[in-house]
Each structure stands twice: as C-alpha cells, then as structure tokens.
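Only one structure is covered here, and it is reproduced in the block below.
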Amino acid sequence: MSGAVLRIARTHFPVTALGPGRRFGVWVQGCPLACRGCMSLDTWAPEEGTAIAPAELAGRWREAVRQGATGLTVSGGEPLAQPVALAAFLAAAATGEHDVLIFTGYEPEELDERQRQAASYADVLITGRYDASRPTRLIWRGSANQRMRVRTELGRRRYEPFLELEPERPPLELSAGADGVRLIGVPTRGTLPRLERDLRARGLDAGVTWRPSARP
C-alpha cells in the first residue's frame, strides 16, 4: 500500500455535523454509485479532485488532532471506491483514541476483500445507497434504508446515544472558502430546494452541487 495515492475532493476541520464532537472531515473524489438526488455531484467524477499521498493526508489529520479533533469522518464521493489508498491512510491515521466514521453507499455483503480491509478501520459505518423516496429523520442518515453499524467498543461508547436519535433539526454547518460556500451535514428532505429558493430571493443565483447542470 506504500505507493497508493488517494484522490480527494477536500478536507475540512472542524466538522461538527457528521458525527459527534469536533471532527476532521475527508471527502474522497469519485463515486460509481451515482445515487439520484445526491447533494454532492461535484464529488462523482473520479478524474477530478486532488491526488494526495496517504501519509500526507494523515499529517493533516494529526494537525487537526493537535487542534482538538475528537474523531475522523470519511465521506465522499464513495470512500470504498479507493479501498487500497483509503486503508493506507486509515492505518497511518489510527490512534486508538479517536473514532473513525465512514459513510459508504455499499452494503456489507457487497464488499470485496480490499473494501472489507479498508472498512475494518472504521469504528462506525453508515451504509446504504441514498434513496430520495425514503426520507428519514435519523441523525446522519439521508434515507430510511441507511444503517449505522457500530463495529468497535469505542464506536459503541460514542455512538450508542445516536443510533435511534431523530433531532428536531439535523446538524448542519456552512463552510466558506475560495471555491464557494459549502453545506456540511445530512439535510432532511426539502431542505436543499428551500435553501436554493432563499438564495435566489436574496439575489444569489449561484450554481449548486445538487443539480447536474451545476457540475464543473
């Protein structure tokens, strides 16, 4: 795995809307699943994003830990579409004290050996393709078919209170950067169209990542 390179869309710290505490977030680039209604169409194309060595990405994570990160969240894109490079990164990032949460559109029975190896570094997996026809209010899940799978004792301690939690308002946050403003979190059904209407009402008719026409 030493020669593996992970293609990512971006990283961000702190993330507070994709798991408990203050987290280092990694969004991988490339998704072969292409779920209808996905809010992150900009992460689909596997040739886009930035190539980074797992050791360099682990260095970013360690810097976030020094700044108070309590956990690591990997989303995308589809993290398990790059299993070898992802496993190399997670092996380098492991501390034993900070939980690892991976979002994947795959179900456990679909994984091959390399994907299972990468997934083995997760304390918690959230699995299943996004299905816009099956809304849910369960925290950190976009549709009712998606499951939060606790895999370790650390995961159980940190995530057990959230397994059946349905907050009145799901956690969301905004991140502003040179490439625009990003919405981080798992919004409930109808949130994105309302946000788009509100932006237009304020004269901000910018492209959004959840519409195919807005893709770069």
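What's counted below: heavy atoms across the whole structure, side chains too, no hydrogens, waters or symmetry copies.
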Q: Indicate whether the side chain of Thr73 and that of Arg23 have a donor and an acceptor atom separated by less than 3.5 Å.
A: yes
Q) Should Glu153 and Arg156 be marked as a salt bridge (charged side-chain N to carboxylate O under 4.0 Å, His left out) after you check the CA-CA gap, both sets of side-chain angles, and the distance that decides it? A) CA-CA 5 Å; Glu153 176 59 25; Arg156 186 193 65 78; 2.6 Å; yes
Q) What is the distance from atom SG of Cys38 to atom OH of Tyr130, rounded to the nearest 0.5 Å? A) 9.0 Å
Q: Could you tell me whether a side-chain N or O of Glu166 sits under 3.5 Å from a main-chain N or O of Arg137, the two making a donor and an acceptor?
A: no
Q: Return the minimal non-hydrogen interatomic distance between Ala122 and Ile102, and the atom names on each side.
A: CB-CD1, 3.8 Å
Q. When rounded to the nearest 0.5 angstrom, what is the spacing between OG1 in Thr152 and CZ in Arg158?
A. 9.0 Å
Q) Which distance, rounded to the nearest 0.5 Å, do you find between the CZ of Arg62 and the CG of Leu57? A) 10.0 Å
Q. In the hydrophobic clustering that connects Ile, Leu, Val, Met, Phe, Trp and Tyr at side-chain heavy-atom distances below 4.5 Å, which members other than Tyr159 occupy its cluster, ordered by chain and number?
A. Val15, Leu18, Trp27, Leu101, Phe103, Val124, Ile126, Ile139, Trp140, Met148, Val150, Phe162, Leu163, Leu165, Ile184, Val186
(Q) I'd like to check Glu47 versus Arg7 (side-chain heavy atoms, cut-off strictly below 4.5 Å). Are they in contact? (A) no
**Q.** Donor-acceptor contact present, side-chain Ser40 to main-chain Asp42, <3.5 Å
**A.** no
Q.
Using every non-hydrogen atom in the two residues, find where Trp61 and Ala93 come nearest and quote the distance to one decimal.
A. NE1-O, 2.8 Å
**Q.** OG1 on Thr16 to CD on Glu173, rounded to 0.5 Å
**A.** 3.5 Å
Q: Of all the heavy-atom pairs spanning Pro170 and Thr188, show the shortest one and how long it is.
A: CG-CG2, 3.7 Å
(Q) Taking CD in Glu168 as the centre, count heavy atoms belonging to other residues, nucleotides or ligands within less than 6.0 Å. Is the count above 12? (A) no
Q. When rounded to the nearest 0.5 angstrom, what distance separates OG in Ser75 from NE2 in His12?
A. 13.5 Å
Q) Less than 4.5 Å apart, any side-chain heavy atom of Thr70 and any of Phe24? A) no
Q: Verify side chain to side chain contact (heavy atoms under 4.5 Å, CB included) between Leu72 and Phe89, making sure each step is shown before the conclusion.
A: CA-CA 11 Å; Leu72 168 64; Phe89 162 60; 3.9 Å; yes
Q.
Contact between Leu172 and Pro187 at the side-chain level, heavy atoms closer than 4.5 Å - yes or no?
A. yes
Q.
Tell me if a side-chain donor or acceptor on Glu110 pairs with a main-chain N or O of Glu107 at a distance below 3.5 Å.
A. yes
Q: May I ask you to test the Val65-Glu97 pair for a side-chain heavy-atom distance under 4.5 Å?
A: no
Q) Do the side-chain N and O atoms of Ser143 and Asp131 include a donor-acceptor pair separated by under 3.5 angstrom? A) no
Q | Gln146 side chain vs Gly142 backbone, donor-acceptor pair below 3.5 Å | A | yes
**Q.** Side-chain heavy atoms of Thr104 within contact of Arg129, under 4.5 Å
**A.** no
Q: Output, in order, the C-alpha distance, side-chain angles, deciding distance and verdict of side chain to side chain contact (heavy atoms under 4.5 Å, CB included) for Val5 and Ile52.
A: CA-CA 6 Å; Val5 174; Ile52 187 171; 5.7 Å; no
(Q) With a 4.5 Å cut-off on side-chain heavy atoms, are Tyr106 and Glu78 touching? (A) yes
Q) Between atom CG of Leu125 and atom CZ of Arg149, what is the distance when rounded to the nearest 0.5 Å? A) 8.0 Å
Q | Connected via hydrophobic side-chain network under 4.5 Å: Leu154 and Leu90 | A | no
Q | Sub-4.5 Å side-chain heavy-atom contact between Ile8 and Gln29 | A | no
Q: Looking only at non-hydrogen atoms, find the nearest pair between Pro83 and Ala118 and report the distance.
A: O-CB, 3.5 Å
Q: Determine whether the side chains of Gln67 and Glu63 contain a donor N or O and an acceptor N or O closer than 3.5 Å.
A: yes
Q | Presence of salt bridge, Asp99 and Arg151, under 4.0 angstrom | A | no
(Q) With heavy-atom distances below 4.5 Å as the criterion, would you say the side chains of Leu6 and Glu56 are in contact? (A) no
Q: Write down the atom of Ala17, the atom of Pro171, and the distance for their closest heavy-atom approach.
A: CB-O, 3.4 Å
(Q) Can you list everything that forms a side-chain hydrogen bond (donor to acceptor under 3.5 Å, both in side chains) with Thr43? Sequence neighbours excluded, please. (A) none
Q. Under 3.5 Å, is there a donor-acceptor pair between the Thr127 and Arg147 side chains?
A. no
**Q.** Residue pair Arg134 / Asn145: nearest heavy atoms and the distance that separates them
**A.** NH1-CB, 3.2 Å
Q: Test Asp123 against Arg157 for salt bridge (charged side-chain N to carboxylate O under 4.0 Å, His left out), laying out the working first.
A: CA-CA 10 Å; Asp123 297 284; Arg157 292 200 309 269; over 6 Å; no
